[in-house]
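Quick notes on the structure that follows.
The shown structure was predicted, so the numbers you read here are calculated from the model rather than taken from an experiment. Every chain is numbered from 1 and lettered A, B, ... according to where its sequence line falls, protein lines coming before strand lines.
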Protein chains: 2
Amino acid sequence: MNKRKMQAKQTKKRIIDCARELFVENGYYKVTVEDIIKKANSSKGGFYTHFKTKEELIIHMVPMVDEAYAEFSKSNKEYEDTIDKISSFINYVFVIMEKDIGLEFISAIYSSQIRDLTSQSFLIESDRMFYHVFNDLIEEGQRKGEITKDLSVKEIISIITTCIRGVIYDWCLQKGSFDIVSYGNNLISMMLNQIKLQK
Amino acid sequence: MNKRKMQAKQTKKRIIDCARELFVENGYYKVTVEDIIKKANSSKGGFYTHFKTKEELIIHMVPMVDEAYAEFSKSNKEYEDTIDKISSFINYVFVIMEKDIGLEFISAIYSSQIRDLTSQSFLIESDRMFYHVFNDLIEEGQRKGEITKDLSVKEIISIITTCIRGVIYDWCLQKGSFDIVSYGNNLISMMLNQIKLQK
DNA sequence: ATTTTATACAGACCGCGGTCTGTAAAATAC
DNA sequence: GTATTTTACAGACCGCGGTCTGTATAAAAT
C-alpha cells in the first residue's frame, strides 16, 4: 500500500470517527455533511469520494455487529438443544439492537434500506454472517432430528429473518415503546415451535 | 361550509389528484413538489397549507384501503372457521399491497414512517380498521373455542400485525422479487397454527 | 530524469424540500 | 355599511444533500 492510499484510508477513518461522535451527540438527522467534514478537516469532494451518500455512513457506524455475531455463535455452547441455541442467538440479536445500535440508528438504517428501488440493500448483504450462523444451526437441528425437514434450510431462514425484521420494524414504528427483547423472543419462540420436532 | 373552505378543499383535492397522476407516471421520488403545484396551478404556500410534508401526500394516495377492508370483512362469509376467515382477510391485505398499492408506494410509505423519531406514524393510526376487523374475528374465535385464550386479543393482534409488516418490509427490501401473497400466506398460516385450537 | 496519467481532495454550484413574509379577499364584529 | 380579523394562497428565500470542475501531487511510464 502506497502513500496515497494510506492517506485516503486515514481520511475515510477520520470522517467515520467524527461522524460517529456527532451522530451520537446530536442524532443522525441533525448532523449535516457540512458539520462532519468541518470536524474532520475535509471537504465535500473528500467526503463523496469515500461515500456515495450520507446514508452510507450509517453502515460504517455498526461495523462490529458481524464480528459480534460470529463471536457469539462460537461461544454459544450453553444449550444442548438446537432450538435453544437459535433462540439464544436471536435473543442476542435483539439485545444488540437495543443496547449497542439503538433506536435512532436502527430507524435510520431500516428506513434508508427501502427508500426507493435504487437504494442499496446492504441489510441483505450484511445478513451473510447472520445466514451462516443460522445455516449451520438449522442444518445441525435437522440432522439431529430436532427441526422439521418439511421446509428447506433456506425457507426456514427466510421465515425467521422476516419475523426478526418485523419485530425490529415495529419497534421503530412504535418509537421503542415496548421491550424489543422480550416481545421479540416471545414472537420468535412461537415461530420456532412450528419448526420444532418433538423427540 | 362557506366559500373559503370549499375552494380550499377543491385546491387540496386538485393537488392530490395531480400528484397521483404524476406519481403513477414517474414514480414518487422523481416528481418534485414544484411539478405538482405547477400541474395543479397552485404554489408552495398553497401546498404547505394543506400538507405538512411531501410524504404526507402518500397517505392520501391510498385512501380507499380502509374502506376496502371494511367492505371485505363484511362480505367475508365464505368460511365457517374463524382462522380461515382471518387467513382470507390477511390474504386480501397482501393482494391489495401487490395489486392496488404497488411496491414503490409501499416502500416509500414504510420508509417514511420510521425515518426519524418525529415522523408521524399514520400506519399505526390507519391500522384502526385493521384492528377492528381483527378484534372482532379473534373475539369470535375465542368464544367459539377455535383460538387460544392463553393470549389476549391485543397480544394476538400485535403478533399478527408484526408478522404482516415483516413480510411487507422484506418484500420492499427484496424489491418485490418474491410473491408476497403466497409467501405471506404461508408465513401467517404458520403463526396462526400457534394460536389455533384443535376441536 | 522527464513526461504522462491517475486520484484524493477542494470548493463553487445546483436542485429540491421546506420556511417565511406578504397580500387579497372572505368572514366576522360592530 | 364600515372596520377588523382571518385564511388560502403566492412566491422569494434558505439549508442541506449531492454533483461538477479544477488542481496539486503521487504513481507510473518512458
Counting just side-chain N and O atoms, does [X] come under 4.0 Å of either OP1 or OP2 of [N]?
| X | N | value |
| --- | --- | --- |
| A/Thr53 | D/dG17 | no |
| A/Thr11 | C/dA8 | no |
| B/Lys3 | C/dA26 | yes |

With a 3.5 Å cut-off and no angle check, do the side chains of B/Thr162 and A/Tyr183 form a donor-acceptor pair?
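Yes, A/Tyr183 and B/Thr162 have a side-chain donor paired with an acceptor closer than 3.5 Å.
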
[X] [atom1] to [N] [atom2], straight-line distance once rounded to whole Å:
| X | N | atom1 | atom2 | result |
| --- | --- | --- | --- | --- |
| A/Gln7 | C/dA10 | CD | P | 9 Å |
| B/Asp116 | C/dG18 | CG | C1' | 14 Å |
| B/Phe47 | C/dT19 | CZ | C1' | 14 Å |
| B/His50 | D/dT7 | NE2 | P | 13 Å |
| B/Glu34 | C/dC14 | CD | P | 16 Å |
| A/Asn41 | C/dA8 | CG | C1' | 15 Å |
| A/Ile37 | C/dA10 | CD1 | P | 8 Å |
| A/Arg14 | C/dA10 | CZ | C1' | 13 Å |

Could you check B/Ser42 against B/Arg4 and say which one's nearest nucleotide on DNA chain D is further toward the 5' end?
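Its nucleotide being nearer the 5' end, the pick is B/Arg4.
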
Contact class for B/Thr32 vs. all strands (heavy atom < 4.0 Å): base, sugar-phosphate, or nothing?
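Counting heavy atoms under 4.0 Å across all strands, the contact made by B/Thr32 is with sugar-phosphate only.
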
Contact nearer the 5' end of DNA chain C, comparing B/Lys30 with B/Gly45:
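Whichever sits nearer the 5' end wins; that is B/Lys30.
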
On DNA chain C, compare the nucleotides closest to A/Lys5 and B/Lys5; which residue's is nearer the 5' end?
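Looking at the nearest nucleotide for each, A/Lys5 comes out on the 5' side.
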
Would you kindly check whether a donor in the side chain of A/Lys54 faces an acceptor in the base of D/dG18, or vice versa, at under 3.5 angstrom?
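Result: no qualifying N/O pair found.
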
Base D/dG18 to side chain A/Lys52, donor-acceptor N/O within 3.5 Å cut-off:
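No, the side chain and the base share no sub-3.5 Å donor-acceptor pair.
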
Cationic tip of A/Arg115 above B/Tyr29 ring, under 6.0 Å, 45° of axis:
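Yes; both conditions hold, so A/Arg115 lies above the ring face of B/Tyr29.
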
Quiz item: cation-pi between B/Lys54 and B/Tyr28, 6.0 Å / 45°
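So B/Lys54 does make the cation-pi contact.
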
Minimum-distance nucleotide to A/Lys44 side chain [options: D/dC9, C/dG18, C/dG11]
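Per side-chain heavy atoms of A/Lys44, the pick is C/dG11.
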
I'd like to know whether A/Glu140 forms a salt bridge (Lys or Arg N to Asp or Glu O under 4.0 Å) with A/Lys144, so could you lay out the CA-CA distance, the side-chain angles of the two residues, the decisive distance to 0.1 Å, and finally the verdict.
CA-CA 6 Å; A/Glu140 178 190 325; A/Lys144 285 161 68 180; 3.3 Å; yes

Any donor-acceptor pair under 3.5 Å linking the side chain of A/Gln142 with the backbone of A/Ile147?
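Side chain of A/Gln142 to backbone of A/Ile147: no pair is present.
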
